[in-house]
Amino acid sequence: MSGETLEAVKEQYQVGKAAFERGQYRQSVEFLQKASALVDRNTRFGGEVQIWLVIAYEAADRRQEAIALCKQLDRHPSYDIRQQSRRLLYILEAPQLNRRPEWLTQIPDLGAIADNESKTRLGNAATSGKSSSRSVSPPEPVDLSQVNTKDNRFIWVALIGVLLILGSLVWWGF
């Protein structure tokens with residue numbers, strides 16, 4: 001493999017990993033597939049690219065392709081790549097647990113945020129103008145006749161204790 005090809009593979013690989021880490025799984029698959037097509041798959045680096053491709057396939061809901069690639073990697077020359085592929089295959093082929101809907105949290109699709117961003121800003125400006133014109137009422141005064149003002153013995157004990165400590169410090173010259 002020439003130096004230019006190796007640089008192109010590394011660039012596609014890094015861009016694919018970065019896309020994966022941003023949650024852009026489909027783009028990650030595209031970049032990692034390009035990197036996998038350019039690299040010698042029997043090298044350790046080629047195996048690493050394919051392991052990332054397996055993970056990206058799974059994240060992009062392409063489980064069958066992930067399982068097929070894992071099975072291919074089971075025959076990779078690198079022992080570490082074979083071990084990782086076996087572990088991933090074990091996870092991918094594990095039975096799915098039944099989950100009740102009330103256990104899950106629905107995450108809204110944030111893909112349309114860019115479209116709604118200007119509407120949101122305009123809406124916030126309109127509501128903030130309304131809230132600033134509203135007057136804030138002062139807190140209600142406390143009726144002191146309702147407050148319990150009976151003698152609390154603890155206060156006197158604590159006050160005497162503090163005075164004794166201060167007196168002893170003055171007496172001993174600290």
Side-chain angles (χ1 to χ4, degrees), residues 10 13-29 31-32 44-45 47-63 66-67 70 73 78-174:
K10 286 182 179 180
Y13 174 63
Q14 292 300 327
V15 172
K17 282 176 51 176
F20 181 87
E21 290 169 355
R22 286 190 308 270
Q24 299 170 336
Y25 305 124
R26 288 181 180 82
Q27 289 92 357
S28 176
V29 167
F31 289 116
L32 291 170
R44 174 146 174 77
F45 180 61
E48 190 175 321
V49 169
Q50 292 177 66
I51 290 290
W52 268 95
L53 184 56
V54 167
I55 296 168
Y57 276 149
E58 172 60 22
D61 291 328
R62 295 168 67 176
R63 179 169 285 204
I67 290 172
C70 258
L73 288 172
S78 171
Y79 176 75
D80 292 336
I81 300 297
R82 286 194 310 266
Q83 284 296 105
Q84 286 181 2
S85 72
R86 287 180 189 136
R87 289 179 184 144
L88 284 172
L89 187 62
Y90 180 78
I91 292 168
L92 292 172
E93 291 182 334
Q96 293 292 315
L97 297 176
N98 293 330
R99 294 171 285 199
R100 295 193 303 204
E102 61 268 14
W103 293 349
L104 303 175
T105 302
Q106 294 294 330
I107 300 174
D109 181 19
L110 302 177
I113 284 184
D115 299 337
N116 292 331
E117 189 172 327
S118 61
K119 294 177 188 174
T120 304
R121 287 184 183 165
L122 291 175
N124 287 343
T127 58
S128 65
K130 292 178 185 175
S131 64
S132 64
S133 65
R134 191 182 322 153
S135 64
V136 178
S137 62
E140 292 184 24
V142 177
D143 183 16
L144 294 179
S145 65
Q146 301 295 323
V147 176
N148 184 6
T149 57
K150 289 185 178 178
D151 188 19
N152 191 346
R153 291 183 191 156
F154 174 75
I155 292 174
W156 290 110
V157 171
L159 185 60
I160 291 171
V162 167
L163 289 174
L164 286 174
I165 291 173
L166 288 175
S168 66
L169 288 174
V170 170
W171 181 267
W172 294 99
F174 288 113

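Annotation: side chain of L88 is not in contact with side chain of L73 (no heavy-atom distance under 4.5 Å). Between I51 and I55 the shortest side-chain heavy-atom distance falls below 4.5 Å. With a 4.5 Å cut-off on side-chain heavy atoms, Y90 and R86 do not count as touching.
At least one donor-acceptor pair under 3.5 Å links the side chain of S168 to the backbone N or O of L164. Between the S28 side chain and the K17 main chain, no donor and acceptor come within less than 3.5 Å of each other.
Taken from CZ in F45 to CD1 in I81, the straight-line distance is 10.5 Å, to the nearest 0.5 Å. Within the model, atoms CD of Q14 and CG of L32 stand 10.0 Å from one another, a figure rounded to the nearest 0.5 Å. Taken from CD in Q84 to SG in C70, the straight-line distance is 10.0 Å, to the nearest 0.5 Å. The distance from atom CD1 of I91 to atom CD of E93, rounded to the nearest 0.5 Å, is 11.5 Å. Note that CZ of R44 is 4.5 Å distant from CG of D80, once rounded to the nearest 0.5 Å.
Scanning for salt bridge (charged side-chain N to carboxylate O under 4.0 Å, His left out) contacts around R99 gives an empty result, with sequence neighbours left out. F20 meets the ring-ring contact (aromatic ring centres under 6.0 Å, His included) test with Y25, W52; sequence neighbours excluded.
When all heavy atoms are compared, the tightest approach of V29 to A60 is CG2-CB, 4.1 Å.
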Pair L169, I165 - check side chain to side chain contact (heavy atoms under 4.5 Å, CB included), show working. CA-CA 6 Å; L169 288 174; I165 291 173; 4.3 Å; yes
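In the displayed structure, E102 atom CD is contacted under 6.0 Å by more than 12 heavy atoms of other residues, nucleotides or ligands.
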